[in-house]
Every structure is written in C-alpha cells, then in structure tokens.
2 protein chains.
Amino acid sequence: MSLLETNLKYNVNQTIFVAVDCAIFGFDSKSLKLLLFKRKVEPLKGHWSLIGAFIQDDLSIDEGAKQVLLESTGLSGIYLNQLKTYGNKDRDPGARVISVGYYSLIPVGEHEISEVEEYDAKWFELNELPELILDHRQMVDDAIDAIRTNARSKPIGFNLLPPKFTLPMLQTLYESIFQRTFDQRNFRKKILGMGILDKTNEKDKSTSKKGAFLYSFNKEAYDDKTYETFI
Amino acid sequence: MSLLETNLKYNVNQTIFVAVDCAIFGFDSKSLKLLLFKRKVEPLKGHWSLIGAFIQDDLSIDEGAKQVLLESTGLSGIYLNQLKTYGNKDRDPGARVISVGYYSLIPVGEHEISEVEEYDAKWFELNELPELILDHRQMVDDAIDAIRTNARSKPIGFNLLPPKFTLPMLQTLYESIFQRTFDQRNFRKKILGMGILDKTNEKDKSTSKKGAFLYSFNKEAYDDKTYETFI
DNA sequence: ACAAAAGTGTTTGATCTACACCCATGG
DNA sequence: CCATGGGTGTAGATCAAACACTTTTGT
C-alpha cells in the first residue's frame, strides 16, 4: 500500500517517526549490568545510549526490536519484552520521533562480553551508568521497575542465567535485581519448595572449594503452576 | 522542523502512522462496563471499536490520548494510563498503523450514562461485548489484565468510584474486577486496616433500608505508606 | 589446619481464611 | 413485623522472617 493511498484512506498528515530502543540487561554471576552503545548518528553522536533504530515498514514493532538486537549485538532468540512507548513531543531534537521501549535479559558469559564489544558497546554496572541521551535514562529506570515487578510474579530471572546454574548464583541475581539481601535458608526453601528446579549431579567449583550443585529450570513444572507471587 | 529536514537528518523513509486507542472502563455501583463506539471511518465503518484517533504532530502521545478522550466523550481530568503499543504489520487493513493503547477508569453516574451516549457510544457489560474491530479485543483483554495487576498494588479502584462511596460498593467493584467474591468481614478488615479511608457521617440509602456509611479516599494517607499488595 | 563458600531446621509472629449472627429501617 | 442489606469478631492454618552451625575442599 502506497503512502498516497493510505493518506487518502485515512486523511492523515503525520510526520512522526517510529523507533525502538532496547535496554539490554545481563548478569555475569556477580552483578546486573546494562549494555550501552555509542550513538552513531547526529545529533548527539558519540554519546552513550540504548540500542535503537527506526522501524522498517515491513516489520512489526516486535520484529523490529528483534532485528535491532540482532544487528547491533549478534544476539538472537533471547528474552525481549515491550516496556512502554515514549512519545513526548520534543523528546528527540532531531525530529518528531516516538520510541517503543523494550528490555532484554541475557546471561553474560565470556563469549557475550567480548562478542558484544566489537559493536562499540560496553557493559556498565547499574550504579555506574554514564549520562544517557534523550529520555534513555528514564527508559532504564522504567525497565528496572518493570523487571522487579515482573520478577515477583514470573521466573524471568532464569533468562539471565545459563541453562545450568547454582542456587548461590540465583540468589545473587535476585539480590542484584531487588537491591537487598535475602536470607540464604529462606531463599533456598522458597525456591526449592516451588518444585521448578531440577538438580543435576554436577557441581560448579568456580566460586568455592566445596562447589555448588548445578540446577536447571523446569519450564513444564512452572507452567503447571503459574505462581502469583514468585519471590 | 520540516519533514524534509528530519528525513535528511535521520535518513529515514517510513510510512507508518501513529494512533492511540483507549479502552474506557466505568463502574456504576453494580458492574464494570466498557464504553464502545461505532467506528466512523472506512474500512470497517459502523463496527464497534475502542475510541481512537491519529496523533497530531504537535501533541505528545499522552496529550493525544487525553484529547481523543475529551473530543469523543466530553470527559477530562480522568484516570488514563498507557497500556502497551500494538504494532503488527497487518493489524490495520487501511494502512500501516501502530496504535498506542491506553485504558481509562471513570465512575459512571446518571450524568455519564446519558452524556456519553450522545457520541454514538454505548456502555457494554464485560461479558456481553460485541465483536470489535482489528485487535481491539486483544487490547481490552490486555487492559483488564493490567487493571487487575495494578489494582493489586495500587488503589486504582478509587478512580472508578465517586468521591464518596460505601464499603459495599467498593467490595462489589473489586469483585467485578477480579471476577470472584471476597468475604465481607475480611474485605472490610483489610481495607479499613490500611487507614486510607475517611468515614463520613452520611449514609447512602439507595441500596438498603439500613443505609451504608459513605467513605472518602485519603490520598495523603496512602502516599505515606505505598503498600506493596493492596488486595 | 584453616579459610571460604555451600548447605541445612526450627521457632515466632504476622497474615489469610473460614465462618454466623445481630442491627437498622422502610415497607 | 419482617425482609433486606449493613455491620461485626474469633479461631485455625498458612506463610514469612529471624536466626547459627556443620560440611567440603583447595591451599
């Protein structure tokens, strides 16, 4: 359908562009991090920003977000969730642009660290974020809020962990998300009581001499139950 | 800023239109209702739909949503919240349109019933909704989900009630939202225990001979506390 | 042998649930 | 005087929070 046709059909005269921006969070067994990029276009070229791009006409916005992620990080098949849409009139000095915000959760291994930095990207600790362009700081804050809210009722945390992980890792992750500590015994009791983790016989010895048992997330068991409060 | 300039600056060639659609919920002391409109433009003219319109270039999307609401219902100053953005490629047969969904909560009095029906609008019971155009049914379902989630942690229910209301009304409202009954004693205990309601000396006798005391919501008391779970 | 992280139960208080009768009043 | 909806308290169950010691093993 051509622009002319659509314009006639709906009698609209808009000059608004539609972009997506994605806040990519990663966990490396120690802390929650945010992936930022050096902006490549004017205005504000060279400043730190979330990864974003204009939507192509032939992609849904969800597909657009996926593609942005793939093109700018090489990552695909990862957790990606719509956050909210930012539409203040003057939010972008370059044009009238509304941006559909997304957030993405990924485990950060050695691979992801090096891989991603080939794209002019860098992982930042959440409490050491540089200044961000436009309303991207707001997006990040909103995303953290959304992750917290979401993490209470759904096991989204598992998207930040490798397929096999230890309970201490899981606890550290939730402590990073909620910025508080959890009692070790209560935490394990609660998580294991849900019956959604499968224990393996393997141990991870990278963080202690004793080693911690590796577990995997049992999605079927979770789907059967759908908890209302998770943590 | 002209289209040409912006296009040059960002080198974009998009033909996507941006609309807002708003799901307006009302409560009339008995049940939760949804306000629907007969669509006025082709395609699908005459079918039931949420109220919506294209965003004007000089308004933020939040302002756009407010204006749509004002123009199509005469209502202003009411609770309005962004839901999510719908961006499937072929969601609108008339053009490539993405729609930012909103939901709105209002008390429905005699006034609002008659007032609103001058606009080719009609209140429907939630379990008697007609077929809706495009993905509007999805928007409604998402909005109900969002209202439920939100109502658990914030007192949004009070936006659906008049300034003075009775506890039986409030309970009926929450029962409409969650589609379940609550024990009367437990409900009152919990709500009153929050200390966010001011009891008046007046009684509403419209639904019983004994009459029920009217209360008002004390926003200050609520802000002091910010509960994590509300119901 | 010791440092460092993993693993394990019990007790207490708070919260949630279930449950049934009296009250006030208009008709 | 009676039908109708408004108002009230308690006991048992469940859940959340606080709390400290033992185990394993690499160095």
Side-chain angles (χ1 to χ4, degrees), chain A residues 27-31 148 151-153 161-162 164-216 225-231, chain B residues 28-31 148 151-153 161-162 164-176 178-216 225-231:
Chain A
F27 182 69
D28 65 353
S29 307
K30 296 227 161 32
S31 65
R148 280 184 191 151
R152 267 187 195 284
S153 58
L161 294 167
K164 289 179 183 173
F165 51 87
T166 67
L167 290 181
M169 279 168 68
L170 184 64
Q171 181 167 350
T172 303
L173 169 58
Y174 275 90
E175 291 180 342
S176 305
I177 292 176
F178 291 105
Q179 287 292 301
R180 54 162 290 204
T181 57
F182 292 96
D183 178 86
Q184 187 184 190
R185 282 168 287 190
N186 294 339
F187 183 84
R188 299 170 72 98
K189 211 185 309 170
K190 183 151 192 179
I191 296 284
L192 291 175
M194 293 176 181
I196 56 173
L197 293 189
D198 295 334
K199 188 176 185 175
T200 71
N201 292 323
E202 304 159 67
K203 279 192 168 190
D204 168 66
K205 294 210 168 186
S206 64
T207 54
S208 79
K209 291 154 186 169
K210 185 178 179 181
F213 278 105
L214 288 163
Y215 289 77
S216 64
K225 310 202 178 187
T226 23
Y227 295 88
E228 37 201 67
T229 62
F230 188 74
I231 289 290
Chain B
D28 65 353
S29 308
K30 295 227 162 32
S31 66
R148 279 182 191 153
R152 265 185 197 286
S153 58
L161 294 167
K164 291 179 183 173
F165 51 87
T166 67
L167 290 180
M169 277 168 69
L170 184 64
Q171 180 167 352
T172 304
L173 168 58
Y174 275 90
E175 291 180 341
S176 303
F178 290 105
Q179 287 291 302
R180 52 162 290 203
T181 58
F182 292 97
D183 177 87
Q184 188 185 188
R185 281 168 288 191
N186 295 339
F187 183 83
R188 299 171 71 98
K189 210 186 312 169
K190 182 151 193 179
I191 296 283
L192 291 175
M194 293 175 180
I196 57 173
L197 293 190
D198 295 334
K199 188 175 183 173
T200 72
N201 292 322
E202 304 159 66
K203 279 193 166 188
D204 169 67
K205 294 206 169 187
S206 64
T207 55
S208 78
K209 290 153 187 170
K210 183 176 178 180
F213 278 105
L214 288 163
Y215 290 77
S216 63
K225 311 203 176 186
T226 24
Y227 294 89
E228 36 201 68
T229 62
F230 188 76
I231 289 289

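Every value quoted in this text rests on a predicted model; they were computed, and no experiment measured them.
- Straight-line distance from the NZ atom of Lys205(B) to the P atom of dT4(D): 18 Å, rounded to whole Å.
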* List the steps and the verdict of side-chain contact (heavy atoms from CB on, under 4.5 Å) for Tyr215(B) and Leu161(B). => CA-CA 11 Å; Tyr215(B) 290 77; Leu161(B) 294 167; over 6 Å; no
* Structure fact -> Readout for nucleotides 4-14 of chain C: B = base within 4.0 Å of protein heavy atom, S = sugar-phosphate only, - = neither; 5' to 3' it is -BBBBBB----
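- Regarding Phe182(B), its CZ atom lies at a distance of 15 Å from the C1' atom of dA18(C), rounded to whole Å.
- In plain terms, the two heavy atoms of Phe230(A) and Met194(A) that are nearest each other are O-CE, 2.7 Å.
- Between the CG atom of Asp204(B) and the C1' atom of dT25(C) there is a distance of 14 Å, given to the nearest Å.
- For the pair Phe187(A) CZ and dA18(D) P, the computed distance is 16 Å after rounding to whole Å.
- A parallel orientation is assigned to the rings of Phe178(B) and Tyr174(B), their planes being inclined by less than 30° (bins at 30° and 60°).
- At distances below 3.5 Å, not a single donor-acceptor pair connects side-chain atoms of Asn186(B) with backbone N or O atoms of Lys189(B).
- Residues passing the salt bridge (charged side-chain N to carboxylate O under 4.0 Å, His left out) test with Lys164(A), sequence neighbours excluded: Glu202(A).
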* Asked: Between Lys30(B) and Thr172(B), is a side-chain contact (heavy atoms from CB on, under 4.5 Å) present by the stated rule, with each step listed?
  -> CA-CA 7 Å; Lys30(B) 295 227 162 32; Thr172(B) 304; 5.7 Å; no
